[in-house]
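Notes follow once the structure below has been shown.
Just so you know, these numbers use all the heavy atoms, side chains as well, and skip hydrogens, waters and symmetry mates. All residue numbers in this chain count up from 1 along the given sequence.
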Amino acid sequence: MISRRQAEWAGRKRRLRLADGRDLAFIDTQGAGPPLLLLHGYTDSSRSWSRLEPMLSDHRLVMPDLPGHGGSTAVDAPSLEGFVGDLFQLLQFLRLGPVTVVGHSMGAMTALALAARHEDRVEAVISICGSLRPRLADQPALAAAIAALADPIDPACAFLREWHRCARAIPVDFARQMAEEAAAIPASIWRSLFGMLGGIDLSALARDIERPVLLIAGEEDALFGSSHRDALQAAFPAASACVLADLGHNPHWEAPRDVAEALRRFVSG
């Protein structure tokens with residue numbers, strides 16, 4: 001049985017018509033507390049934060065679907081700069097800023113780029129399982145699997161089961177919804193976004209970020225492991241760091257209370 005939160009997620013979304021005519025879907029809890037902008041990872045959606053949302057009810061949560069994901073229109077040639085431009089329009093539309101930006105994986109890279117380009121709109125950055133240089137070419141098996149995807153993608157296929165594999169069990173209804181949304185993304189968009197990620201290098205841009213940074217990681221992260229964590233810590237020597245034992249690449253799915261606690265300590269500290 002699907003939970004009420006998961007069943008109602010898509011229906012809670014609003015849509016912003018961007019300057020170029022595309023739609024950006026987002027959920028805004030409109031809470032009274034300090035605003036958090038939550039940015040999901042590659043082939044996820046705002047639903048990625050649905051397990052964390054109840055633990056952050058004292059904040060205003062703004063959770064967009066990044067372009068090509070969920071209910072947001074794709075672009076032919078996605079870029080981190082394009083994502084940042086869309087998010088800036090969203091912050092303007094909602095009259096928000098500065099906000100604490102929380103990003104997971106690709107969303108963490110986007111959060112860093114947003115902080116570098118629009119410092120006046122960002123209070124702090126929280127990176128969850130992020131990377132400065134994803135170096136996806138170092139993972140040829142993953143590249144081959146994505147290159148082999150064909151429409152329609154089966155949400156129950158072995159590839160998606162492995163792609164969403166977690167170190168701890170997650171609710172079945174949540175996992176099913178995440179798989180169905182990922183499978184609904186056309187294979188061509190999977191590939192264009194993967195290509196975008198392969199070319200990212202935020203090493204120089206990181207020097208432009210002067211806001212406080214929190215680096216959250218899963219100790220068992222199979223995608224962005226210890227070398228990525230070390231590079232981030234070197235780029236942000238003053239950053240707070242929290243490595244969560246026995247968790248993988250999706251700690252906010254696997255142990256949302258632990259992630260919420262780390263986030264809350266950082267924001268209130």
Side-chain angles (χ1 to χ4, degrees), residues 2-18 22-29 36-56 61-75 78 80 82-84 86-87 89-90 94 101-111 114 126 128-130 146 149 151-157 159-161 163-166 170-194 196-197 223 248-254 256 259:
I2 188 169
S3 70
R4 181 175 178 180
R5 182 177 300 278
Q6 299 305 326
E8 294 179 349
W9 194 264
R12 294 172 59 194
K13 294 180 184 180
R14 299 167 58 190
R15 280 167 175 76
L16 169 64
R17 182 59 54 89
L18 297 167
R22 288 180 297 114
D23 285 337
L24 187 74
F26 66 96
I27 289 177
D28 179 1
T29 64
L36 304 177
L37 177 65
L38 305 175
L39 307 178
H40 63 78
Y42 170 51
T43 72
D44 294 337
S45 74
S46 55
R47 188 187 298 274
S48 182
W49 304 107
S50 61
R51 299 205 68 211
L52 198 62
E53 181 190 13
M55 294 137 202
L56 298 172
L61 306 180
V62 177
M63 299 171 281
D65 292 341
L66 292 172
H69 302 75
S72 292
T73 311
V75 293
L80 221 54
F83 285 4
V84 167
D86 291 350
L87 292 170
Q89 289 185 61
L90 177 62
L94 296 176
V101 189
V102 184
H104 168 243
S105 193
M106 181 185 76
M109 302 172 214
T110 307
L114 180 66
I126 299 175
I128 302 175
C129 296
I146 290 174
L149 287 174
D151 299 324
I153 298 172
D154 178 3
C157 68
F159 168 71
L160 277 182
R161 288 199 303 273
W163 180 241
H164 288 153
R165 181 169 57 88
C166 290
I170 59 176
V172 172
D173 64 331
F174 170 74
R176 183 181 300 116
Q177 292 293 315
M178 293 303 300
E180 289 181 356
E181 290 188 353
I185 299 174
S188 61
I189 295 178
W190 272 78
R191 285 188 278 274
S192 65
L193 290 164
F194 188 77
M196 177 195 82
L197 288 169
L223 189 62
H249 187 64
N250 301 296
H252 57 311
W253 299 4
E254 301 163 356
V259 172

Please walk me through it: do Trp9 and Ile27 pass side chain to side chain contact (heavy atoms under 4.5 Å, CB included)? CA-CA 9 Å; Trp9 194 264; Ile27 289 177; 3.3 Å; yes
Arg165, CZ atom: more than 12 neighbouring heavy atoms under 6.0 Å: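 Counting neighbours around CZ of Arg165, 12 or fewer heavy atoms of other residues, nucleotides or ligands fall under 6.0 Å, so no.
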May I ask you to check whether Thr43 and Trp163 show a side-chain donor-acceptor distance below 3.5 Å?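 Yes.
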Anything under 30° is parallel, anything over 60° is perpendicular, the rest tilted; go ahead and classify His104 against His252.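 Judged by the thresholds at 30° and 60°, the geometry between His104 and His252 is tilted.
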Classify the angle between the aromatic ring planes of Tyr42 and Trp190 as parallel (below 30°), tilted (30 to 60°) or perpendicular (above 60°).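 Aromatic pair Tyr42/Trp190 classed perpendicular.
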Just do the side chain to side chain contact (heavy atoms under 4.5 Å, CB included) check on Met106 and His69 with the steps written out, would you? CA-CA 12 Å; Met106 181 185 76; His69 302 75; 3.7 Å; yes
Of the non-hydrogen atoms in [X] and [Y], which two are nearest, and what is the gap between them?
{"X": "Leu160", "Y": "Ala183", "answer": "CD1-CB, 3.9 Å"}
{"X": "Gly130", "Y": "Ala108", "answer": "CA-CB, 3.8 Å"}
{"X": "Asp173", "Y": "Ser3", "answer": "OD2-N, 2.8 Å"}
{"X": "Asp151", "Y": "Ala187", "answer": "OD1-N, 2.8 Å"}
{"X": "Leu39", "Y": "Trp49", "answer": "O-CZ2, 3.1 Å"}
{"X": "His164", "Y": "Ala182", "answer": "CE1-CB, 3.9 Å"}

Measure the [atom1]-[atom2] distance between [X] and [Y] for me, rounded to the nearest 0.5 Å.
{"X": "Met178", "Y": "Asn250", "atom1": "CE", "atom2": "CG", "answer": "8.0 Å"}
{"X": "His40", "Y": "Ser105", "atom1": "NE2", "atom2": "OG", "answer": "11.0 Å"}
{"X": "Leu37", "Y": "Asp28", "atom1": "CG", "atom2": "CG", "answer": "10.5 Å"}
{"X": "Trp253", "Y": "Ser50", "atom1": "CH2", "atom2": "OG", "answer": "9.0 Å"}
{"X": "Leu87", "Y": "Leu66", "atom1": "CG", "atom2": "CG", "answer": "6.0 Å"}
{"X": "Ile126", "Y": "Leu36", "atom1": "CD1", "atom2": "CG", "answer": "7.0 Å"}

Go through Arg15 and Arg17 one step at a time and tell me if the side chain to side chain contact (heavy atoms under 4.5 Å, CB included) criterion holds. CA-CA 6 Å; Arg15 280 167 175 76; Arg17 182 59 54 89; over 6 Å; no
From CA spacing to verdict: side chain to side chain contact (heavy atoms under 4.5 Å, CB included), Phe159, Ile146: CA-CA 9 Å; Phe159 168 71; Ile146 290 174; 3.8 Å; yes
Without swapping roles, check the side chain of [X] against the backbone of [Y] for a donor-acceptor pair under 3.5 Å.
{"X": "Ser46", "Y": "Asp65", "answer": "no"}
{"X": "Thr73", "Y": "Asp23", "answer": "yes"}
{"X": "Arg191", "Y": "Leu149", "answer": "yes"}

Looking at Arg12 and Glu53, is there a salt bridge between them, counting it only when a charged N and a carboxylate O are closer than 4.0 Å?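 So Glu53 pairs with Arg12 through a salt bridge.
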Is there a side-chain contact between Gln6 and Pro171 (heavy atoms, below 4.5 Å)?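 Gln6 does not reach Pro171 side chain to side chain.
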Any side-chain heavy atom of Pro251 sitting closer than 4.5 Å to one from Ile128?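 Side chain of Pro251 against side chain of Ile128, heavy atoms only: contact under 4.5 Å found.
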Please list, chain by chain and in numerical order, all residues satisfying salt bridge (Lys or Arg N to Asp or Glu O under 4.0 Å) with Asp86, sequence neighbours excluded.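 Checked Asp86 against salt bridge (Lys or Arg N to Asp or Glu O under 4.0 Å); matches are Arg22.
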